[in-house]
Amino acid sequence: MPAPPHGLHDGYTTDVAALCSDLLRIDSTNTGDGTGPGEREAAEYVAEALEQAGVSTTLTEPRHRRTSVLARVAGQDPRLPPLLVHGHLDTVPAEPGEWALHPLSGDLRHGCLWGRGAVDMKGTVAMTLSLVRAWARTGHRPRRDLVLAFLADEEATGEHGSRHVVTEHRDHFADVREAISESGGFSITTRPLYAGPDARVYPIAVGERGTAWMRLTAQGTAGHGSGPGEDNAVAELVHALSRLTAHRWPTSLTPAVRTLLDALDRTLGFRIDRTRLEEEAGRLGQLGELFDCTLRNTANPTVLEAGRKVNVIPSRAHAEVDGRFLPGAQDTFLETVDRLLGPKVTREFLHCEEAVGADHEGPAFAAMAEALRSQDPHAHPVPFIQSGGTDAKAFARIGISTYGFTPLLLDPHLHYFGMFHGVDERVPLTGLDFGVRVLHRFLTTY
């Protein structure tokens with residue numbers, strides 16, 4: 001198992017469990033349509049936790065109760081550029097009847113804290129708060145200034161969170177070039193695949209695919225449902241969606257994915273077959289998930305709207321599609337989408353963001369890898385590309401590269417990606433404590 005806490009005073013303890021439990025009990029559900037409770041209560045809790053540690057905070061609220069928290073922690077060397085640590089306060093909805101424990105319980109069971117946001121990402125917010133509060137008690141400081149941003153609206157478009165702060169609070173991020181945030185640094189145990197000593201792979205996100213959320217519209221001729229329906233908008237749209245979903249997008253290995261595969265080869269002791277990566281991804285389980293969705297572009301229909309009455313042919317039919325594209329592939333992706341949709345279906349963007357990346361060969365990545373190894377001698381840090389999107393895209397607009405680095409030590413039976421937006425989301429207390437120690441090591445040395 002990982003090494004015990006070190007690098008801090010003997011008897012060092014954190015309040016990460018209490019902070020995480022409290023945050024999980026705050027309803028900050030983001031419904032995406034503005035009907036949720038907003039992030040105000042969570043933001044006020046975060047601000048109070050920081051103020052108690054002597055850190056001044058600013059609350060910003062572009063819409064009623066859509067609240068973000070900005071703060072700054074002074075480092076040891078003001079000559080170094082600041083580092084941004086950002087996280088989001090909102091969560092996706094959860095259906096209580098589907099959960100073993102209520103998604104707002106924040107209760108402890110089987111060594112884990114349960115609740116919506118445990119991994120995405122109130123647990124990480126709690127780790128950051130706990131570390132800053134521990135520094136206030138022990139006198140430790142980060143090596144460089146830390147710029148903190150705890151944000152609203154990540155689970156939608158970021159309009160009321162990251163996109164707001166990078167425009168209206170640009171000065172808060174002056175001179176920042178790098179950041180850390182969600183979806184990386186968690187452990188995947190290789191035991192089922194690897195006959196040698198225990199090894200744990202820790203993927204660190206160094207980029208993410210681009211986002212193209214699109215609304216499609218098919219136009220036709222309205223009429224009676226008993227008619228021939230030769231110009232049927234619904235049929236036209238369905239045929240277009242069928243062509244889109246049947247399309248086999250070609251695979252393409254980005255430099256970061258190549259580096260990931262090479263690192264997995266070394267860790268596992270065998271070569272992953274590059275000629276059949278889809279099959280290899282299935283064989284490798286959770287390790288395969290690290291590259292399966294970042295080998296190609298994807299386009300998935302998610303919403304359909306048409307008609308009001310069974311005997312009336314509507315003149316319009318609509319669909320919404322979640323499109324994701326690899327770095328540098330936006331133009332060819334959209335050209336392919338348009339060809340597959342055909343001339344009778346038009347598209348418009350609901351949200352579009354270019355793919356983003358960070359240097360997987362630079363000193364920041366190396367420092368994160370060292371911090372993980374300092375707490376787990378069996379750690380094998382590797383770079384990977386996220387299949388989804390985060391607030392990193394908004395910060396990329398102002399020249400900030402974000403790494404996904406929210407270190408967690410997980411039980412081999414806990415499926416990290418499966419808990420994102422899933423039922424019975426939970427995070428182990430030992431994992432949170434591990435994360436605080438790794439963050440301490442990274443932030444006081446880099």
Side-chain angles (χ1 to χ4, degrees), residues 26-44 46-47 57-71 84-94 116-117 120-122 124-125 147-173 176 179 181-183 207-216 300 302-303 305 318-325 330 334 347-356 386-402 404 420-421:
I26 298 173
D27 186 0
S28 53
T29 302
N30 186 349
T31 59
D33 59 5
T35 61
E39 298 85 356
R40 180 76 192 189
E41 186 179 351
E44 290 174 343
V46 167
T57 62
T58 298
L59 270 62
T60 178
E61 190 174 273
R63 295 289 186 275
H64 181 59
R65 297 189 63 80
R66 307 309 305 276
T67 317
S68 299
V69 184
L70 305 177
L84 170 62
V85 180
H86 63 89
H88 63 87
L89 301 175
D90 59 328
T91 66
V92 295
R116 175 59 84 219
D120 185 21
M121 61 176 299
K122 290 181 176 180
T124 303
V125 172
V147 173
L148 305 179
F150 301 98
L151 302 162
D153 204 29
E154 190 274 344
E155 297 292 2
T157 64
E159 177 185 358
H160 305 311
S162 58
R163 290 165 64 186
H164 165 71
V165 299
V166 299
T167 55
E168 299 303 319
H169 297 272
R170 178 67 181 85
D171 290 347
H172 182 68
F173 306 99
V176 175
S181 189
E182 63 179 313
S183 300
E208 53 193 56
R209 293 190 298 173
T211 301
W213 291 350
M214 298 170 286
R215 181 172 173 83
L216 311 183
N300 289 306
T302 54
V303 176
E305 299 173 350
H318 303 282
E320 293 180 8
V321 172
D322 185 337
R324 309 284 173 145
F325 51 88
Q330 180 174 354
L334 294 175
R347 64 167 171 84
E348 59 183 317
F349 288 125
L350 299 173
H351 184 61
C352 185
E353 295 275 7
E354 182 56 271
V356 297
Q386 295 191 62
S387 61
T390 73
D391 285 328
K393 289 184 170 68
F395 289 109
R397 295 180 179 183
I398 58 173
I400 299 175
S401 299
T402 296
F420 265 72
H421 301 186

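Side chains included, hydrogens not; waters and symmetry mates left out as well; all remaining heavy atoms used. Numbers here are sequence positions counted from 1.
How far NZ of K122 is from CG of D90: 8.5 Å, rounded to the nearest 0.5 Å. Taking CG of D27 as the start and CD of E41 as the end, the distance is 8.5 Å to the nearest 0.5 Å. With rounding to the nearest 0.5 angstrom, the CE atom of M121 is 10.0 Å from the CD atom of E155. Taken to the nearest 0.5 Å, the CD1 atom of I398 stands 8.0 Å off from the CG atom of L84. The distance from atom CG of D322 to atom CG of L350, rounded to the nearest 0.5 Å, is 10.0 Å. Taking CZ from R324 and OG1 from T211, the interatomic distance works out to 4.0 Å, rounded to the nearest 0.5 Å.
The side chain to side chain contact (heavy atoms under 4.5 Å, CB included) search around L59 returns R40, E44, A47, T57, T67, V69, not counting sequence neighbours. Q330 meets the side chain to side chain contact (heavy atoms under 4.5 Å, CB included) test with F325, L334, C352, E354; sequence neighbours excluded. The side chain to side chain contact (heavy atoms under 4.5 Å, CB included) search around T157 returns D153, E159, R163, W213, H351, not counting sequence neighbours.
Taking each heavy atom of L151 and S162 in turn, the nearest pair found is CD1-CB, 4.0 Å. Across every non-hydrogen atom of A396 and V356, the tightest pair is CB-CG1, 3.5 Å. Between G117 and T91, the shortest heavy-atom contact is CA-CG2, 3.9 Å. In terms of heavy atoms, G32 sits closest to A156 at CA-CB, 4.5 Å. The two residues G161 and S68 make their nearest non-hydrogen contact at CA-OG, 3.9 Å. The two atoms that bring H172 and L148 nearest to each other are NE2-O, 3.2 Å, heavy atoms only.
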Problem set entry | side chain to side chain contact (heavy atoms under 4.5 Å, CB included) between D120 and H421, intermediate numbers included | CA-CA 8 Å; D120 185 21; H421 301 186; 3.1 Å; yes
Exercise. Taking it one step at a time, do S183 and Q386 satisfy side chain to side chain donor-acceptor pair (under 3.5 Å)?
Worked result: CA-CA 8 Å; S183 300; Q386 295 191 62; 3.3 Å; yes
Exercise. Where do L70 and F173 land on the side chain to side chain contact (heavy atoms under 4.5 Å, CB included) test, with the steps shown first?
Worked result: CA-CA 10 Å; L70 305 177; F173 306 99; 4.2 Å; yes
Problem set entry | H164/R63 under side chain to side chain contact (heavy atoms under 4.5 Å, CB included): CA gap, chis, key distance, verdict | CA-CA 10 Å; H164 165 71; R63 295 289 186 275; over 6 Å; no
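Across E208, H88, E154, a single residue satisfies side-chain hydrogen bond (donor to acceptor under 3.5 Å, both in side chains) together with T390, and that is E208.
Note on E39 versus R66: salt bridge recorded, some NZ/NE/NH1/NH2 to OD/OE distance being below 4.0 Å.
A donor-acceptor pair under 3.5 Å links the side-chain atoms of R209 to the main chain of S387, judged by distance alone. Proximity of a side-chain donor or acceptor of R65 to a complementary backbone N or O of P37 within less than 3.5 Å is detected.
A tilted orientation is assigned to the rings of F395 and H86, their planes being inclined by 30° to 60°.
Side-chain atoms of T60 and E168 form no donor-acceptor pair, as typed in the model, at a separation below 3.5 Å.
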